[in-house]
Enquirer: 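If you scroll down you'll find the structure; I have some questions about it.
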Amino acid sequence: MIEISNVLTLTGERKSFLIKSNDTVKLDATNLIAFPGLIDPHVHFRVPGQEYKEDWCSAAAATLRGGYTTVFDMPNNLPPCITQARLVEKKELINRQLQAVDIPLRYQLYLGADKNHFDEIYKVKKEIIGIKVFMGSSTGDLLMDDESSLHAAFAIATKLNLVVAIHAEDEEMIQQRRLKYKSHASHYIHSEIRSPEVAAKAVAKVIELVKLYGTRAYILHVSSISELELIAKAKKAGLPIFAETSPHHLFLDTDAYTKLQGKAQMNPPLRSKEHRLALFEAIHEGVIDTIGSDHAPHTLAEKSKPYGESPSGVPGIETNLPLLLNAYNQGLLSLNEIVALTCYNIQKLFNLEANEDLVLVDLNQEKVVDQSKLKTKCGWSPFADWKLKGWPVYTIFNNRIYNLQK
Ligand code: DOR
Ligand code: ZN
């Protein structure tokens with residue numbers, strides 16, 4: 001039996017919990033506050049094909065350590081997850097790995113939209129959380145940058161009542177700007193090539209498609225003012241558009257390149273401080289609905305390569321909640337905003353049932369992000385050595401209590 005007494009709830013009451021378990025744990029949780037188990041709607045756990053970067057054994061441990069109990073995994077694998085056969089195979093691999101570590105993580109998978117495999121969406125409609133559209137190229141070779149394919153994907157999604165999750169960067173502009181800046185060798189140029197205009201052009205296209213088809217569109221990793229303005233206007237007009245932002249866009253800006261170089265490279269890229277601060281405003285105004293970690297691990301060796309060879313993406317699932325709690329302690333976010341962004345709004349958008357999972361948080365604990373303690377296989381973080389106030393200390397999931405301080 002797990003007995004937790006005196007924990008503070010988000011509504012300000014004190015509560016005690018009795019959880020059936022083989023473990024015998026008595027916990028006086030007077031100093032802790034109970035959050036629901038968090039949901040990460042955007043992770044890249046690299047199975048199949050890039051298990052040297054991450055697999056579901058390491059990722060499951062990282063997930064629980066971050067205070068999460070549910071994840072939605074992206075399809076840009078090797079090979080990409082774009083057919084029913086590959087989806088089935090991917091699920092088998094994941095289940096085997098989760099069994100090996102005895103962590104029955106809650107997970108959902110996206111199917112990658114691919115112009116030669118639209119028929120596959122019909123076959124798997126009940127088994128996926130949504131379809132992922134890469135309007136701009138990123139890690140892997142999934143790409144849908146032509147008009148007619150985009151129209152087809154949005155039309156099918158509406159017909160099947162599926163959410164379309166969109167990587168909104170305009171491919172044509174990326175290619176043009178890559179040529180323009182081809183003689184620049186520093187990682188910083190990544191933010192110039194994939195400028196805010198590149199993202200805004202794609203978001204404007206998404207809004208046009210939503211107007212035409214009424215598709216529920218989930219715009220991933222929103223990072224710039226122009227995207228926010230377009231999304232705010234579309235929401236006001238009543239369109240079913242939803243927006244995610246990422247911890248790196250909220251807490252890092254282009255200043256980070258000096259220290260991090262390739263470790264600050266991701267798609268969409270870091271923006272200036274002005275854009276970063278606008279994201280907090282957009283959260284307060286309800287323009288941003290969710291935060292996805294966009295946990296996208298690459299090895300240190302890969303990230304240390306010169307610009308042009310270094311891959312885009314950063315790990316984030318273990319540091320997101322402490323970053324948000326630290327922002328709460330700085331007066332930048334409320335606890336209700338944090339829990340809406342990381343759980344309730346995601347449940348609503350994707351029609352997920354609530355569960356009994358809990359994460360117990362110590363709002364006053366101060367600790368430095370210690371890379372050597374991370375569970376992610378890649379073993380590094382862009383937030384290494386940041387001193388943060390507010391940490392998850394226990395995740396309660398599947399009738400077990402995980403002590404995150406060990
Ligand atoms: O930076 C990124 N990394 N952006 C993406 O769109 C993909 C991701 C990855 O899978 O590495
Ligand atoms: Zn991603």
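Each ligand, and each atom within it, is numbered from 1 in the order the structure gives. Note that these values count all heavy atoms, side chains included, but never hydrogens, waters or copies made by symmetry.
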Enquirer: Give the residue, atom name and distance (to 0.1 Å) of the protein heavy atom nearest atom 9 (C) of ligand 1.
Expert: Thr139 OG1, 3.2 Å
Enquirer: Take atom CD in Gln405; do more than 12 heavy atoms of anything else shown fall under 6.0 Å from it?
Expert: yes
Enquirer: Between Tyr218 and Phe350, is the ring centre distance below 6.0 Å?
Expert: yes
Enquirer: Any atom of ligand 1 sitting under 4.0 Å from a heavy atom of Met74?
Expert: no
Enquirer: Measuring to the Zn ion (ligand 2), does His221 have an N/O/S atom at a distance below 2.8 Å?
Expert: no
Enquirer: Counting backbone and side chain alike, does His42 bring an N/O/S atom below 2.8 Å of the Zn ion (ligand 2)?
Expert: yes
Enquirer: For Asn22, look at atom CG and say whether over 12 heavy atoms of other residues, nucleotides or ligands are found less than 6.0 Å away.
Expert: no
Enquirer: With heavy-atom distances below 4.0 Å as the criterion, list the atoms of ligand 1 near Ser138.
Expert: 2 (C), 4 (N), 5 (C), 6 (O), 7 (C)
Enquirer: Report the part of Asn76 in contact with ligand 1, treating N, CA, C, O as backbone and CB onward as side chain, heavy atoms under 4.0 Å; options are side chain, backbone, both, neither.
Expert: side chain
Enquirer: Could an N or O of ligand 1 be found under 3.5 Å from any N or O of Phe134, whether backbone or side chain?
Expert: no
Enquirer: Looking only at N/O atoms, are His167 and ligand 1 under 3.5 Å apart anywhere?
Expert: yes
Enquirer: For the rings on His44 and His295, is their centre-to-centre separation under 6.0 Å?
Expert: no
Enquirer: Closest N/O/S atom of Asp294 to the Zn ion (ligand 2), by atom name?
Expert: OD1
Enquirer: Backbone, side chain, both or neither: what part of His298 comes under 4.0 angstrom of ligand 1, heavy atoms only?
Expert: side chain
Enquirer: Within the structure, does Asn267 bring an N/O atom to less than 3.5 angstrom of an N/O atom in ligand 1?
Expert: yes
Enquirer: Measure across Glu318 and Lys373 and return the closest heavy-atom pair with its distance rounded to 0.1 Å.
Expert: OE1-O, 4.4 Å
Enquirer: Any idea which atoms of ligand 1 are less than 4.0 Å away from a heavy-atom of Met266?
Expert: 1 (O)
Enquirer: Under 6.0 Å from the CD atom of Glu356, do we count more than 12 heavy atoms belonging to anything else shown?
Expert: no
Enquirer: How far apart are the closest heavy atoms of Gln347 and Glu353, and which atoms are they?
Expert: NE2-O, 4.2 Å
Enquirer: Is the NZ atom of Lys91 crowded by more than 12 outside heavy atoms at less than 6.0 Å?
Expert: yes
Enquirer: If you take the centroid of each ring, where Trp contributes its six-membered ring, are Tyr257 and His190 closer together than 6.0 Å?
Expert: no
Enquirer: Distance to 0.1 Å, residue and atom name: give those for the protein heavy atom nearest to atom 3 (N) of ligand 1.
Expert: Ser312 O, 3.0 Å
Enquirer: Is it true that a side-chain atom of His249 and a backbone atom of Val222 form a donor plus acceptor pair closer than 3.5 Å?
Expert: no
Enquirer: Measuring from atom 11 (O) of ligand 1, which candidate in Arg46, His44, Gln50 has the nearest non-hydrogen atom?
Expert: Arg46
Enquirer: I'd like to check which ligand 1 atoms, numbered from 1 as shown, lie under 4.0 Å from a non-hydrogen atom of Ala296.
Expert: 3 (N), 8 (C), 9 (C), 11 (O)
